[in-house]
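Chain A is the first sequence line, chain B the second, and so forth, proteins listed ahead of strands; every chain is numbered from 1.
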Protein chains: 2
Amino acid sequence: MAGTNRQTVYATLRRKVLSMELAPGAPVSENELAAALGVSRTPVRESLILLAEEGLIQVFPKVGSFVSRVDPVRVADAQFLREAVELTALDDLPGRLDERLMAELDDNLNRQDRPGIGLEEFFTLDEEFHHGLLKLSGHGAAWATVSAAKGHLDRARRLGLNEATPPAVNAGQHRAILEAVVRGDLPAARTAMRTHLRAVFDDVERIRAQSPELFASNDGSTPVRRNVVTWD
Amino acid sequence: MAGTNRQTVYATLRRKVLSMELAPGAPVSENELAAALGVSRTPVRESLILLAEEGLIQVFPKVGSFVSRVDPVRVADAQFLREAVELTALDDLPGRLDERLMAELDDNLNRQDRPGIGLEEFFTLDEEFHHGLLKLSGHGAAWATVSAAKGHLDRARRLGLNEATPPAVNAGQHRAILEAVVRGDLPAARTAMRTHLRAVFDDVERIRAQSPELFASNDGSTPVRRNVVTWD
DNA sequence: GTGCGTGTGCTTGTATACAAGTACCGGTCG
DNA sequence: CGACCGGTACTTGTATACAAGCACACGCAC
């Protein structure tokens, strides 16, 4: 039906996990996915191995593979990593900001402000905005590492944004950061960035109180089939 | 001859790449490795996919797989990431340092100071030291991300340490960091850490001037067989 | 009703067979 | 002697077959 190569299968699966289309705790069978995607087990299996490396999938040998529940520990880790990288990058902002990148960021913000913006679209713009800021300071490549590490944070955030903080609030925080950067006011930029990232983190804590079944239990017990979240 | 499962194969291959036993630019054939390790292509291939994700292996479809040359861009990225994480972590050091961790760090430093210490042993201790510092500030889990990102940096460093800076110098810098941490002198700890990490980076630049063939060319050209470094 | 034991169906892990494509070596022609 | 052209041997990518093991359901004994 769709992909014939591993890249496509991997991209598809990753998108479905991050968008919560595949719910945390749900079983993902190699055979099942292979049949659904119209490919053999091989590319599916190789994709699952990569997703397991990212912590998005848990594989229990001879038992089954499951979408990881959102792990609060990993969320906190990603939060720390992200703060460290994005705040430190601000210190390396050049005196003269790249005009093309600035135009992109400005255009990005304008699109974020669109009234009836959808959630998925906002997330894409959000990613591009933070990535763009990193590129502005010459550390764009670090985004790949941050991005890979924050899968758990993103999934929780998607729920938080949906039910708690509307995109407009985040867009306003984004604008505050960029304006401070333009002014060359480094302390203000750092403060605005920290405020923004912490707000995101608080959203995650809020959604955890609302939907604990999507989060991993603290005792690290292994989820089995009867614990499945059917998501319907 | 050895491993029968993927974890073993992956660990073996990763070790050989990071220790430069498999030279940058060297071809790694799935069939060849499978025969050498006494397993089929499957676990070997899955391991190579993971190593490719880390950037340690380059796969050219239908052509071959090669050990990545040390990429200066990735080295710089890892350096930035590492500085950001390790310096930021210092800010989160608790007032009361965990005694057990402190004892481990102290013991670690004593072993680093041993006169005739081997290179591999020193590297292990070095990793444990930096990981330990992160754990001290409650961000031990971030080490996994840093560790995965700094493969290129490590390979270059291994050469740098061998031919340029002796382990004793690094051990001294480690001690300076830990002493500042114990005194609770945060600025001094940050300075010492930054000095240490920058020294490592400088070593890499030095070895690059000495052995440019181990590094990727800046134009990003694709290495093919005739460009192989035979390493003998 | 309750508890235990066995069989069945599913899972992942590994090995192998086939498909498709590229680089290189050698012969041939100009 | 040089350039071109084709066969060959290798590569990775995918599909399939086989192996080993766990969980659950069913049925029986108590």
Side-chain angles (χ1 to χ4, degrees), chain A residues 1-13 17 22-23 25-68 221-230, chain B residues 1-13 17 22-23 25-68 221-230:
Chain A
M1 187 206 216
T4 31
N5 52 9
R6 188 184 78 234
Q7 282 193 340
T8 306
V9 172
Y10 170 75
T12 302
L13 259 45
V17 170
L22 262 56
V28 281
S29 158
E30 293 178 3
N31 283 317
E32 210 172 306
L33 289 176
L37 296 173
V39 296
S40 78
R41 269 184 63 202
T42 306
V44 171
R45 174 177 171 77
E46 291 173 350
S47 298
L48 287 184
I49 288 174
L50 286 173
L51 292 171
E53 189 67 15
E54 290 183 52
L56 294 177
I57 296 282
Q58 274 182 301
V59 178
F60 298 92
K62 312 298 177 71
V63 174
S65 301
F66 304 85
V67 179
S68 299
S221 66
T222 63
V224 278
R225 287 187 208 168
R226 63 162 61 84
N227 278 350
V228 163
V229 177
T230 52
Chain B
M1 188 206 214
T4 32
N5 51 9
R6 191 186 77 234
Q7 282 194 340
T8 305
V9 172
Y10 170 75
T12 302
L13 258 47
V17 170
L22 262 56
V28 281
S29 158
E30 294 178 1
N31 282 316
E32 211 172 305
L33 289 176
L37 297 174
V39 296
S40 78
R41 271 184 62 203
T42 306
V44 171
R45 176 178 170 76
E46 291 173 350
S47 299
L48 287 183
I49 289 174
L50 286 173
L51 291 171
E53 188 67 15
E54 290 183 52
L56 295 176
I57 296 283
Q58 274 182 304
V59 177
F60 298 93
K62 310 300 177 69
V63 174
S65 303
F66 305 83
V67 179
S68 299
S221 67
T222 63
V224 278
R225 289 188 208 167
R226 64 163 60 85
N227 278 348
V228 163
V229 177
T230 51

Using a heavy-atom cut-off of under 4.0 Å over every strand shown, decide if V28(B) touches base, sugar-phosphate, or nothing.
sugar-phosphate
Heavy atoms of G55(A) and S68(A) approach each other most closely as O-OG, 2.9 Å
OP1, OP2 of dT14(D) versus side-chain N and O of R6(A): anything below 4.0 Å?
no
Can you check the F66(B) CZ to dT12(D) C1' distance for me, whole Å?
11 Å
Toward the 5' end of DNA chain D, which comes first, S65(B) or K62(A), by nearest nucleotide?
S65(B)
Does R45(A) make a side-chain N or O approach to OP1 or OP2 of dT12(C) shorter than 4.0 Å?
no
When you check the phosphate oxygens OP1 and OP2 of dT11(C), does a side-chain N or O of N31(A) lie under 4.0 Å from one of them?
yes
Does OP1 or OP2 of dT14(C) have a side-chain N or O of T42(B) closer than 4.0 Å?
no
Indicate, with a heavy-atom threshold strictly under 4.0 Å, whether S29(A) touches base, sugar-phosphate, or nothing.
sugar-phosphate
Atom-pair distance (CG on N5(B); P on dA15(C)), nearest Å
10 Å
Distance in angstrom units between E30(A) CD and dT16(D) C1', rounded
14 Å
List the atom of L33(B), the atom of L13(B), and the distance in Å for their closest heavy-atom pair.
CD1-CD2, 3.9 Å
State the CD-OG1 distance between Q7(B) and T12(B), to the nearest 0.5 angstrom.
11.0 Å
Rounded distance in Å - OH (Y10(B)) to P (dG13(C)):
16 Å
Could you tell me the separation between the CZ atom of F60(B) and the P atom of dA23(C), rounded to a whole number of Å?
11 Å
Could you state the CD-C1' distance from E46(B) to dT12(D), rounded to the nearest angstrom?
14 Å
Contacts under 3.5 angstrom, residues 44-54 of chain A side chains, donor-acceptor by atom type, not counting sequence neighbours:
from	atom 1	to	atom 2	distance (Å)
R45(A)	NE	E46(B)	OE2	2.7
R45(A)	NH1	E30(A)	OE2	3.2
E46(A)	OE2	R45(B)	NE	2.7
S47(A)	OG	Y10(A)	N	3.3
S47(A)	OG	P43(A)	O	2.9
E54(A)	OE1	R14(A)	NE	2.9
E54(A)	OE1	R14(A)	NH2	3.0
E54(A)	OE2	Y10(A)	OH	2.2
E54(A)	OE2	R14(A)	NE	3.4

Rounded to whole Å, please give me the gap between CD1 in I57(B) and C1' in dT12(D).
14 Å
Rounded distance [0.5 Å steps], CG in L22(A) versus CG in L56(A):
11.0 Å
Rounded interatomic separation in angstrom, taking CZ from R41(B) and P from dG13(C)
18 Å
